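What follows is a short report on a single structure.
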Amino acid sequence: MVWTLLWLGFLDGAVNHFTVILPNHSVSQYFNYGRSVEGKLRQSLRDQNDQPNGVIRSGWLAPQLPQTEAQPTRPGPGQRHLVAFYGMSFTQQIAESLQKQSPELATRLVGAPSAPPNYVYAAYSRDRPAHKADVVVLGVLAENLKAMRSLSAATWQFEAPVPYTYPRYHLDNGRLVATEPAIQSFEQFRQALGSASQNPEPWQQYRASLAERDSYYQRFLFEANGLDNSTLVRLVRRALAQQWQRSRAAQVYRAKEGFIDPDTNATLKQMVKEFAQTARADGRLPIVLLIDSRTYGNAQGSALMNLLGPTLNADQIPHLSTHAIAPAHEPQHFVGDGHFQPPVNEAIARELIRLIDHGDPKRPRP
Amino acid sequence: MLINSYEFLWFFGGVFCLYWLLPWRSQNILLLLASYYFYGLWHPQFLLLIAISTALDYCCGLWLSHRTLESRQNRQILLYLGIVAGVALGLNWEALPGFGKPGPVDWTALFSLSWGDSLAIAAIVAGGAMVLRLPKILAAYPNLDQRRYFLGLSVITNLSILGFFKYFNFFADNLEALLRQVGLPVESLNLPLLLPIGVSFYTFKTLSYTIDLYRNKITAEPQLLHYGLFLSFFPSLLAGPIDRAASLLGQIGQQRSLTWASVGRGLFLILFGLFKKIAISDGVAKAVNAVYQTTMPVSGLEVVVATVLYAIQIYGDFSGYTDMARGVAKLLGFNLVLNFNLPYVSQNPSEFWRRWHISLSTWLRDYLYISLGGNRVAPWRNYVNLMITMVLGGLWHGATWNFVLWGAYQGAVLCVYRWLDPRAEIRQGWAGLWRSLLFFGVTCYGWLLFGVSSWPRIRELSWALVSGWGRWSLALPPPPLSALLGIVVLGIYELIEHRQGQEKTYQAWIPALQGLFYALLIFIVLMGSSNAPAQFIYTQF
């Protein structure tokens with residue numbers, strides 16, 4: 001027993017030493033996965049503070065939506081439509097494919113890494129007055145519905161947390177009501193976390209708000225302390241984080257039953273309704289893009305379509321389910337990291353072009 | 001609950017603490033209740049099946065020994081059937097902790113007995129009462145070989161239960177396909193059946209008891225409690241080892257003790273099993289599935305790598321489970337049989353089947369192969385016996401054609417090796433190493449047949465092995481660091497064990513080296529604990 005403990009201590013220290021002398025080695029990164037979320041965010045802040053394109057700055061909804069500075073606000077010369085995409089990497093790839101296939105369509109991209117539907121809807125809402133797009137596409141990624149009960153991508157992406165925040169929505173008398181996060185911009189984040197030792201209150205308030213309203217927040221996983229210095233504790237924390245996240249995700253989706261959380265389901269349905277209503281009020285064609293992640297569907301159909309299909313059809317909201325093109329239960333349509341194969345993106349883009357050409361069924365062309 | 005889960009940790013922790021506070025007769029009651037709770041969590045209705053096997057073979061065992069049941073024993077059996085049926089049908093298991101519900105017992109929702117459930121319980125008890133009258137009924141036929149009759153009753157009933165739940169849909173689907181092939185219209189014969197977990201294992205256990213009694217190798221167990229515990233002993237209930245009555249029943253009937261040595265040994269086995277399962281087997285599963293469970297075209301190299309990884313996965317999975325089962329049993333004072341003995345050092349199939357899933361291969365040898373005549377027949381008949389034994393052994397694993405194919409392949413390999421080298425000599429040195437490597441390749445192709453359930457995919461992968469050598473890159477997800485390190489540590493340790501020729505070779509090392517070994521295992525298990533968990537392969541049989 002004594003020798004075992006001694007050797008465990010030696011291994012713990014040896015691996016720690018290795019991660020210090022070779023911090024960018026893949027083995028060091030492997031053993032860093034189990035560091036607390038706060039610990040990893042501090043490292044990212046330290047490493048990327050001076051990088052304007054660092055991932056730590058991506059996705060923030062305030063003071064300015066990401067990427068919109070250089071994005072078109074109206075169709076260019078010779079272009080017939082501006083299509084505004086709201087989503088994540090999937091929508092970005094599809095948008096790029098659409099632009100290649102149809103250069104007469106301009107694209108405006110607003111998104112964040114692994115953006116859940118509440119982020120996407122919030123981004124759409126804030127971007128509404130900023131452009132003259134006549135088509136708006138809301139990207140809903142199946143595997144990220146689980147994050148609708150969160151306020152930040154830092155809590156539910158434990159191994160590689162991205163700190164951007166977004167509102168959490170719930171229904172009040174059938175209308176969407178947003179709970180805003182305590183920190184909404186990168187500057188606020190940098191100030192709160194960067195000076196937490198001198199002025200702890202803002203960061204503590206932020207943590208308290210996550211503890212109260214973010215279902216993925218878990219103190220042992222999130223808060224940094226001396227245990228971050230132990231390799232063994234980091235390994236244990238990583239395993240616990242995976243189990244915790246699986247249990248949270250299972251409250252929203254199960255393979256056999258589909259999407260099972262009534263609050264999440266009702267909120268998302270209202271979200272797509274209000275998206276369509278507001279887009280139509282702005283004179284725009286709304287399109288809901290249902291992105292069926294790998295395994296979120298079977299031979300009987302798509303989990304997202306089962307959930308949202310009745311709502312979309314009832315309100316005649318133009319929509320496209322990727323399951324119809326690349327069934328989610330067939331792994332050959334996906335690359336190793338879960339994104340679609342390039343030919344699939346092309347096929348989805350073609351379908352989107354067809355939908356755009358078809359127009360809004362609620363506002364037939366004269 | 002899985003043996004490598006946090007829920008099992010809580011469950012076993014509670015059982016262990018209570019167990020060693022109780023006198024030994026109460027220990028058996030506790031273990032029986034714990035075993036039924038453990039099994040009932042998977043599917044409570046299946047407790048009925050294990051109860052039927054228990055009651056029937058307990059009675060047949062005594063009748064095979066020319067013993068009659070006393071009134072007290074008759075009442076015990078009927079009470080036992082009634083209680084288990086009531087618990088299986090009338091208890092609302094979702095109100096219990098461990099059944100997906102957090103928190104303590106929900107007493108208000110614990111019992112829900114419908115009229116249908118009550119009738120079913122009454123029917124089961126009445127059926128038991130009728131079976132108990134059999135000796136009196138058979139007494140009217142003095143020329144009837146009663147021992148053979150009771151053996152037949154046990155074998156037919158148990159194999160019928162196993163056959164119905166496991167093989168009915170297999171044969172029904174194939175019959176349906178055949179009838180459609182010849183143009184006959186046929187309705188679907190498929191039934192919505194769930195396979196009772198562990199049924200293959202406990203059925204073979206109970207059959208070994210009645211067959212050994214018939215052969216006068218053992219004496220009948222007079223206590224229903226002991227027999228019930230023998231059949232349902234939770235460490236080995238789901239995936240073996242398939243202990244014989246002579247070994248396990250004997251231990252149940254005796255007082256057990258716990259020493260520091262047995263605690264150490266038990267904890268080591270649990271740690272070693274977790275290391276093999278969590279760090280290695282679960283770690284390589286993704287790479288294997290990328291070839292075996294998809295329809296993507298693959299190269300010959302990818303098939304080879306995936307198949308070698310599958311050989312490692314299935315060994316880590318199954319021997320890991322067995323190690324954990326033996327370790328848990330050890331902490332309760334029981335010794336379960338060794339089920340794996342470095343199978344991949346085997347130089348020929350005879351040696352392999354003395355080292356792999358030993359409890360199953362010896363069962364097939366003792367109760368099937370020898371009953372068919374074994375090797376004491378003409379050579380051609382010996383080959384037939386080998387093929388029958390191995391095909392049925394394959395079918396035991398699952399009701400799909402790939403398991404039948406795997407069994408036939410193993411039988412063919414045995415026949416070929418027997419023809420080439422009847423004495424199955426074991427060579428040393430480089431010749432031995434070469435033979436082991438060659439036989440490992442032969443074994444690996446068998447694992448391909450075992451692991452790929454789709455016949456078209458078996459064809460594709462087999463063809464890729466022959467013609468798919470145009471591409472030498474690997475498009476498989478690499479196994480995680482825990483699996484790579486784990487394979488190295490396991491390989492080195494098992495080579496040392498093989499050279500030294502003893503199972504507990506680590507116990508002879510100096511304390512510092514033992515400590516390093518344990519620390520490495522713990523460290524790698526912690527690394528592997530973030531691997532996505534995969535279901536134990538053998539709990540599906």
Side-chain angles (χ1 to χ4, degrees), chain A residues 1-16 18-19 25-35 158-159 221 230-247 249-251 254 257 260 294-295 327 329-338 341, chain B residues 4-7 9 100 102 260 263-264 267-268 271 274 278-279 282-283 286-287 289-298 457 474-485 489 506 509-533:
Chain A
M1 174 77 113
V2 172
W3 277 108
T4 305
L5 291 172
L6 284 173
W7 279 114
L8 279 173
F10 172 76
L11 287 168
D12 193 310
V15 170
N16 265 339
F18 180 87
T19 59
H25 196 281
S26 57
V27 171
S28 299
Q29 286 169 9
Y30 175 90
F31 284 105
N32 201 47
Y33 283 138
R35 190 175 295 277
F158 175 80
E159 294 188 0
L221 304 179
S230 165
T231 306
L232 293 173
V233 171
R234 294 202 299 273
L235 290 172
V236 169
R237 189 190 275 118
R238 186 183 179 196
L240 287 175
Q242 293 196 346
Q243 203 195 15
W244 172 254
Q245 291 181 330
R246 274 197 295 271
S247 72
Q251 292 176 352
R254 287 193 204 147
E257 298 106 298
I260 55 173
R294 192 167 45 189
T295 74
H329 60 289
E330 294 177 7
Q332 63 267 30
H333 301 300
F334 302 86
V335 295
D337 64 2
Q341 296 272 6
Chain B
N4 61 326
S5 64
Y6 291 113
E7 291 82 9
L9 184 63
W260 282 114
V263 168
L267 289 175
F268 173 78
L271 172 62
L274 285 171
I278 293 177
D282 288 354
K286 204 172 170 185
N289 291 342
V291 172
Y292 278 19
Q293 306 300 334
T294 69
T295 52
M296 302 277 288
V298 288
R457 190 62 177 165
L474 282 174
L476 306 180
L481 194 56
S482 65
L484 297 173
L485 277 177
V489 169
Y506 65 95
W509 297 348
I510 58 171
L513 196 55
Q514 279 192 44
L516 173 61
F517 184 49
Y518 303 149
L520 275 175
L521 293 180
I522 292 170
F523 196 82
I524 296 174
V525 166
L526 289 178
M527 287 173 67
S529 57
S530 55
N531 292 335

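Predicted, not measured: the structure shown is a model, and the values here were computed from it. To find a chain, count down the sequence lines: A is the first, B the second, and so on, and within it residues start at 1.
Proximity to chain A is absent for every atom of Pro477(B), based on heavy atoms less than 4.5 angstrom apart. For Leu240(A), the part lying under 4.5 angstrom from a heavy atom of chain B is the side chain only. Neither the backbone nor the side chain of Val2(A) has a heavy atom closer than 4.5 Å to any heavy atom of chain B. Interface residue Arg246(A): only side-chain heavy atoms are found under 4.5 Å from chain B. At a 4.5 Å heavy-atom cutoff, the contact between Gln243(A) and chain B is made by side-chain atoms alone. Interface residue Phe31(A): only side-chain heavy atoms are found under 4.5 Å from chain B. For Gln332(A), the parts lying near chain B are the backbone and the side chain together; criterion is any non-hydrogen pair under 4.5 Å.
Between His25(A) and Tyr30(A), the ring centre distance reaches or exceeds 6.0 Å.
With hydrogens and angles disregarded, a donor-acceptor distance shorter than 3.5 Å links the side chain of Asp12(A) to the backbone of Thr231(A).
Nearest heavy atoms, Arg234(A) versus Asn32(A): NE-CA, 4.4 Å.
Scanning for side chain to side chain contact (heavy atoms under 4.5 Å, CB included) contacts around Pro480(B) gives Ser482(B), Ala483(B), Asn531(B), with sequence neighbours left out.
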Side-chain donor-acceptor pairs under 3.5 Å in residues 512-525 of chain B, sequence neighbours left out?
residue: Gln514(B); atom: OE1; partner: Tyr518(B); partner atom: OH; Å: 2.9
residue: Gln514(B); atom: NE2; partner: Tyr506(B); partner atom: O; Å: 3.4
residue: Gln514(B); atom: NE2; partner: Gln507(B); partner atom: O; Å: 3.3
residue: Gln514(B); atom: NE2; partner: Trp509(B); partner atom: O; Å: 3.1

